[in-house]
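Heavy-atom basis, side chains included; hydrogens, waters and symmetry copies ignored. Ligands are counted one by one from 1 in listed order, and the atoms in each one are counted from 1 as well.
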Amino acid sequence: MERSTIVRVQEGLHARPATRFVKLAKSFESEVEIVKGGKAASAKSAVKLMLLAVKENDEVTIRTSGADEIEAVEALIGYLENPLAGLAEEAAPAEPDATAIAKETLKLEPVKPAAVDEDIPSALRGVAASEGYAIGRAFPHFPQEIKPENRKLSATDIDSEIARFRDAVETVQARMNASLASDSLSANDRGIVAALRDIAADDELRDEVVAVIRSGIDAVSAVIGAAAKIAAQFGQVDDPYLNARADDVHSVGRQICLALLGQSDASLDDIPQGAILIAEDIGAWDLARAPLKRIGGIVCGHGGATSHIAIIARAHGIPAVLGMGKQVHELRQASEIALDGHRGQIVADPAADIRARFKARIDDAAREREALKIFKDATPRRADGTVIEVAANIGSLEEIDAAREAGAMGVGLFRTELLFMRHMHLPSEDMQAETYAALANAFAPYPVIVRTLDIGGDKPISGIEFPQEENPFLGWRGIRMCLDRPDIFKPQLRALLRAAVHGNVKVMLPMVSDIDEVRRTRSLIETCKAELRAEGTAFGEFSLGVMIETPAAVLIAPALAKEVDFFSIGTNDLTQYIMAADRLNPTVAKLNDVTNVAVMSAIEMTARAGVAAGIMVGMCGEAAGRPDLIPQFIRMGLTELSMSPASVQRAKKRIAELGA
Ligand code: PEP
Ligand code: MG
């Protein structure tokens with residue numbers, strides 16, 4: 001029996017929908033396969049299903065064979081076409097969704113490397129996965145490697161070896177279930193452990209291992225081989241979220257092998273207060289149940305910015321450098337480790353001067369944090385009484401609390417890219433409307449400035465095909481791409497109009513270099529309004545601004561100012577385009593300097609044009625948070641400065657020092 005359809009599941013068959021789909025498939029006796037683009041996978045394996053990467057609007061075929069094949073096809077096609085039907089009857093999940101929570105906190109953006117001139121030449125380098133500095137006693141954690149037993153089984157041993165394997169899986173699942181049932185895990189960590197438990201329970205892994213055991217190979221060797229094979233498949237999928245799951249498969253494989261061998265890993269329970277954990281690999285499960293409050297920092301051979309170790313580290317404020325590769329072994333004999341989670345650097349047994357430098361950074365950071373707290377609720381003003389809005393740059397709803405705690409007066413730049421990058425599909429209009437409304441609500445009555453999608457070929461997203469470009473930074477990105485793709489741009493504009501009902505929403509366009517781009521956007525906004533009106537959907541008005549981040553925008557600023565409600569200067573890009581110096585290329589880092597007279601003149605020209613036209617001029621590039629430059633920006637006429645939440649109080653203090 002075979003039927004094809006178009007998938008209407010908004011998230012695609014990923015995370016929670018994948019679990020539901022597999023559960024439904026398993027409720028039938030028949031064999032069930034799902035086929036996409038000529039590739040088939042068992043619909044009864046969540047791992048296989050995830051690897052097929054089925055997205056919304058994909059065409060798939062369901063193939064069934066067995067006694068209840070007709071019912072199976074109907075039920076599964078029914079789910080794919082109308083996933084919400086029948087959901088109400090489902091019992092509320094007793095446990096957190098296996099992957100949704102972990103995905104929610106997944107930050108795809110690696111921590112931005114800080115200025116190169118502060119690098120330490122002797123440092124080892126890895127991925128800057130969780131910010132902060134640490135210095136502490138080394139705590140090497142190198143559990144022994146599990147080697148395949150390479151035992152040849154006789155025909156009579158096979159059934160008992162399979163039973164041994166099944167027992168081991170049950171042991172691992174039972175341990176993970178016990179962890180989930182206890183209240184020692186945070187909600188985020190519970191999501192991660194549940195994801196691991198699902199991998200341990202998956203048919204794909206079991207079937208693979210059982211098949212290898214049947215061919216006469218011992219269970220430990222079979223598990224090692226099967227985990228490596230499945231992990232490699234996750235590694236090949238063109239999706240960073242799925243790539244990061246390879247580490248999870250390895251970690252589950254290891255737990256099953258240990259259970260088979262009747263062993264357990266050395267515990268992290270003995271880690272001394274403030275010590276730096278050094279490991280080739282740390283299972284997310286091990287880390288989640290470790291005494292995280294005592295861990296001063298994490299250095300790991302495996303893992304990247306999107307791995308579960310990074311997510312746990314960031315959620316608990318533990319500085320971490322991951323993806324060190326074999327270099328971690330150089331640290332095994334070290335007694336003390338200095339770790340820089342901003343730059344991704346590690347110094348083993350630091351010499352007195354480096355030690356002092358790290359110690360000073362840590363102490364300074366702590367002291368400054370304390371002293372600045374009094375500025376949290378300050379309203380900074382210029383000498384003439386005009387309020388200077390000190391706002392935050394954020395990229396997800398999870399950052400709202402940090403921004404509010406810092407005292408941000410709204411959001412000066414909400415980067416919407418993460419919303420588009422963290423899922424396997426483009427975010428729906430409803431999902432975007434909810435996100436923008438939640439943002440506006442959280443900061444009301446302060447404004448939130450949402451930047452429309454600013455993405456190009458250098459940062460691919462599932463669901464948008466980018467051409468191969470010689471110079472992606474000069475290519476099809478930001479407003480250029482959006483205007484060519486109304487199917488992506490209109491839902492975002494409609495979502496923003498809908499969210500404007502809930503708070504003070506402002507919208508700004510990135511990478512503008514021509515007035516026509518603003519006019520075409522305005523006309524698209526009018527079309528969206530007409531559609532919403534005709535549908536009877538409530539919407540509000542928003543003011544429209546542009547980022548000034550191309551030399552062209554600076555040169556036409558007087559004309560642009562007549563067409564928009566505000567300017568926000570994006571010094572990160574403006575500097576690279578004015579100086580023709582790639583912002584990511586350390587070789588030209590010296591030229592990439594916002595204080596260069598050419599860039600400062602461009603900022604001044606922009607400010608003059610904006611002030612003359614009577615519109616607000618703000619800044620959301622990194623320079624906005626620089627205490628040394630803030631006085632000049634205010635003198636030029638800027639009345640809004642938006643920065644990372646960590647810089648807000650320092651900026652408020654600097655403005656207060658200028659004297660109202
Ligand atoms: C800028 O270019 O200054 C800016 C704020 O945008 P982004 O860093 O996201 O390019
Ligand atoms: Mg920019």
Side-chain angles (χ1 to χ4, degrees), residues 107-115 389-396 399 403 408 410-422 448-461 471-482 492 506-513 517 545-554 557 566-585 589 591-596 598-600 602-603 606-607 610 616-626 629-630 633 638 640-648 651:
K107 299 230 162 82
L108 293 175
E109 268 182 334
V111 179
K112 284 200 178 116
E389 276 181 44
V390 177
N393 292 352
I394 61 175
S396 67
E399 292 160 75
V411 170
L413 166 61
F414 183 75
R415 291 183 166 99
T416 53
E417 294 75 69
L418 204 57
L419 211 58
F420 283 73
M421 288 170 72
R422 75 203 291 185
V448 294
I449 303 184
V450 179
R451 177 174 74 184
T452 58
L453 184 61
D454 185 14
I455 207 114
D458 58 315
K459 265 195 220 152
I461 327 186
N471 290 304
F473 277 113
L474 302 180
W476 195 58
R477 57 185 312 115
I479 190 66
R480 304 167 184 187
M481 188 275 286
C482 283
Q492 184 167 42
K506 297 184 177 189
V507 176
M508 76 178 165
L509 312 177
M511 278 296 288
V512 167
S513 50
E517 289 161 340
V546 285
M547 290 195 68
I548 302 290
E549 52 182 351
T550 67
V554 176
F566 64 93
F567 284 163
S568 183
I569 305 173
T571 50
N572 309 341
D573 276 320
L574 186 60
T575 308
Q576 79 162 343
Y577 293 130
I578 292 270
M579 299 304 294
D582 183 345
R583 68 195 252 192
L584 300 177
N585 183 346
L591 279 174
N592 201 289
D593 176 8
V594 69
T595 64
N596 186 294
V599 187
M600 291 304 274
I603 295 171
T606 306
M616 182 196 90
V617 183
M619 179 182 285
C620 61
E622 292 294 310
R626 281 183 55 170
L629 301 179
I630 285 175
F633 296 150
L638 273 63
E640 185 244 23
L641 297 167
S642 190
M643 58 202 69
S644 87
S647 304
V648 164

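Residue contacts with ligand 1: D573 is placed with a nitrogen or oxygen under 3.5 Å of a nitrogen or oxygen of the ligand (distance criterion only).
The nearest non-hydrogen atom to atom 6 (O) of ligand 1, considering only Q576, M619, M511, R451, comes from R451. Summarising the contacts of atom 9 (O) of ligand 1 with R415, M547, M643, R477, the nearest heavy atom is found in R415.
With 3.5 Å as the limit, one finds no donor-acceptor pair spanning the side chains of T571 and E622. Of the N and O atoms on the side chains of S642 and N393, at least one donor lies less than 3.5 Å from an acceptor on the other residue.
Ligand 1 is never approached by E622 to a heavy-atom distance shorter than 4.0 Å.
For the pair V390/M643, a side-chain contact is recorded, criterion being any heavy-atom separation below 4.5 Å from C-beta on. In this structure, L638 and M616 have side chains that are not in contact, with every pair of non-hydrogen atoms separated by 4.5 Å or more.
Considering just the N/O/S atoms of E549, the one nearest the Mg ion (ligand 2) carries the name OE1. Considering just the N/O/S atoms of D573, the one nearest the Mg ion (ligand 2) carries the name OD2.
The Mg ion (ligand 2) does not have D454 among its coordinating residues (no N/O/S atom, backbone or side chain, under 2.8 Å).
Between the Q492 side chain and the L453 main chain, a donor and an acceptor come within less than 3.5 Å of each other. Without hydrogens or angle criteria, N471 side chain to F473 main chain gives no donor-acceptor distance under 3.5 Å. Judged by distance alone, with hydrogens and angles left aside, the side-chain atoms of N592 form a donor-acceptor pair with the main-chain N or O of A581 at under 3.5 Å. Proximity of a side-chain donor or acceptor of E417 to a complementary backbone N or O of D454 within less than 3.5 Å is detected.
In summary, the atoms of ligand 1 found under 4.0 Å from a heavy atom of E549, numbered by their order in the structure, are 1 (C), 2 (O). Which parts of ligand 1 touch G621 is read off a 4.0 Å heavy-atom cut-off, strictly below it: atoms 3 (O), 5 (C). Those atoms of ligand 1 that come under 4.0 Å of a heavy atom in L413, given as number and element, are 5 (C). Counting the atoms of ligand 1 from 1 in the order shown, those under 4.0 Å from a heavy atom of C620 are 5 (C).
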